[in-house]
Amino acid sequence: MASLNVGNLGEFLREQRRSAQLSLRQLADAAGVSNPYLSQIERGLRKPSAEILQQLAKALRISAETLYVQAGILDERDREETEVRSVILADPSINERQKQVLLQIYESFRKENGLQTASDDISAPSDTFGTGADVATPSN
């Protein structure tokens, strides 16, 4: 018996595999899983772990977060926040200090708008970078 989103995940994986023009065996080899196991995932008979989903995403050249959402592991809103954070952190044109300031501003706007952020558990000092500004709570 398949769990909630496993069938949709399987269909999604099959579509992605076909779009990438990979056979079942090619994707299984690239992801480091057995051919029968991948077949069972695509048919909705197995629920893969987050680690297996990450391997499949890498082999398909798509974000692991996309597969996590399809599998019901990650909420769509969480994925959007993760993607924004990833883009900021991966940008080579800004330095580490600028990245951290941008992330703090982003998180403060999400809090101001009533959205929970991934770092709500972490309490950061207001003036971490000595800017003299309270970036954790912007004023209007």
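FYI, side chains are in, hydrogens and waters are out, and symmetry mates aren't considered; it's all heavy atoms of this structure. Count residues from 1 along the sequence. Note that the structure is predicted; figures quoted are calculated from it, not measured.
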*Asks:* Which value, rounded to the nearest 0.5 Å, describes the distance between I62 atom CD1 and F12 atom CZ?
*Replies:*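 Going from the CD1 atom of I62 to the CZ atom of F12 covers 4.5 Å.
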*Asks:* Can you confirm whether L60 sits close enough to L22 that some side-chain heavy atom of one is under 4.5 Å from a side-chain heavy atom of the other?
*Replies:*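 With C-beta onward as the side chain, the pair touches.
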*Asks:* Please find the pair of heavy atoms, one from A31 and one from L56, that lie closest to each other, and give the distance.
*Replies:*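 Where A31 meets L56 most closely, the heavy atoms are CB-CD2, 3.6 Å.
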*Asks:* Quick one: OG on S39 to CG on L27, what's the gap to the nearest 0.5 Å?
*Replies:*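 Going from the OG atom of S39 to the CG atom of L27 covers 11.5 Å.
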*Asks:* How long is the straight-line distance from CD1 of I88 back to CG of L103, given to the nearest 0.5 Å?
*Replies:*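 Rounded to the nearest 0.5 Å, the CG-CD1 separation comes out at 4.5 Å.
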*Asks:* Does some side-chain heavy atom of L13 sit less than 4.5 Å from a side-chain heavy atom of L67?
*Replies:*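 The answer is yes; the side chains approach within 4.5 Å.
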*Asks:* Please list, chain by chain and in numerical order, all residues satisfying side chain to side chain contact (heavy atoms under 4.5 Å, CB included) with D91, sequence neighbours excluded.
*Replies:*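 Partners of D91 under the side chain to side chain contact (heavy atoms under 4.5 Å, CB included) test: S93, I94.
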*Asks:* Quick check: does any side chain N or O of Q40 sit under 3.5 Å from a backbone N or O of Y37, one acting as donor and the other as acceptor?
*Replies:*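 Such a contact is absent between Q40 side chain and Y37 backbone.
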*Asks:* Would you check if L9 and L53 make a side-chain contact, meaning some heavy-atom pair closer than 4.5 Å?
*Replies:*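 The answer is yes, as the side chains (C-beta and beyond) meet within the 4.5 Å cut-off.
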*Asks:* Under the rule for side chain to side chain contact (heavy atoms under 4.5 Å, CB included), what residues qualify as partners of R18, not counting sequence neighbours?
*Replies:*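 Residues passing side chain to side chain contact (heavy atoms under 4.5 Å, CB included) with R18: R14.
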*Asks:* Let me confirm one number: the CD1-OG distance from I41 to S34, rounded to the nearest 0.5 Å.
*Replies:*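 OG of S34 is found 8.0 Å from CD1 of I41.
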*Asks:* What is the distance from atom CD of E11 to atom CD of Q70, rounded to the nearest 0.5 Å?
*Replies:*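 That separation rounds to 9.5 Å.
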*Asks:* F109 versus I105: any side-chain heavy-atom pair under 4.5 Å?
*Replies:*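 A side-chain contact exists here, since the closest heavy-atom pair is under 4.5 Å.
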*Asks:* Mind listing the closest non-hydrogen atom pair of R17 and L24 along with its distance?
*Replies:*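 Heavy atoms only, the tightest pair is NH1-N, 3.4 Å.
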*Asks:* Q98 side chain to N95 main-chain N or O, any donor-acceptor pair under 3.5 Å?
*Replies:*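 Yes, Q98 side chain to N95 backbone: donor-acceptor pair under 3.5 Å.
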*Asks:* Just jot down the side chain to side chain contact (heavy atoms under 4.5 Å, CB included) partners of E51, sequence neighbours excluded, or say none.
*Replies:*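 For E51 the side chain to side chain contact (heavy atoms under 4.5 Å, CB included) partners, ignoring immediate neighbours, are S49, Q55.
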*Asks:* Are Q21 and Q26 close enough that some pair of their side-chain heavy atoms sits under 4.5 Å apart?
*Replies:*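 Heavy-atom side-chain distance check fails, nothing below 4.5 Å.
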*Asks:* Heavy atoms, side chains only, cut-off 4.5 Å: are E112 and S108 in contact?
*Replies:*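 No - every pair of side-chain heavy atoms lies 4.5 Å or more apart.
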*Asks:* Any side-chain heavy atom of R85 sitting closer than 4.5 Å to one from E107?
*Replies:*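 Of all side-chain heavy-atom pairs linking E107 with R85, at least one is under 4.5 Å.
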*Asks:* Could you grab the distance from atom CD of Q16 to atom CZ of R61, nearest 0.5 Å is fine?
*Replies:*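 If I round to the nearest 0.5 Å, the distance is 13.5 Å.
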*Asks:* Any sub-3.5 Å donor-acceptor pair from S19's side-chain atoms to E15's backbone N or O?
*Replies:*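 Flag set: sc S19 to bb E15 pair under 3.5 Å.
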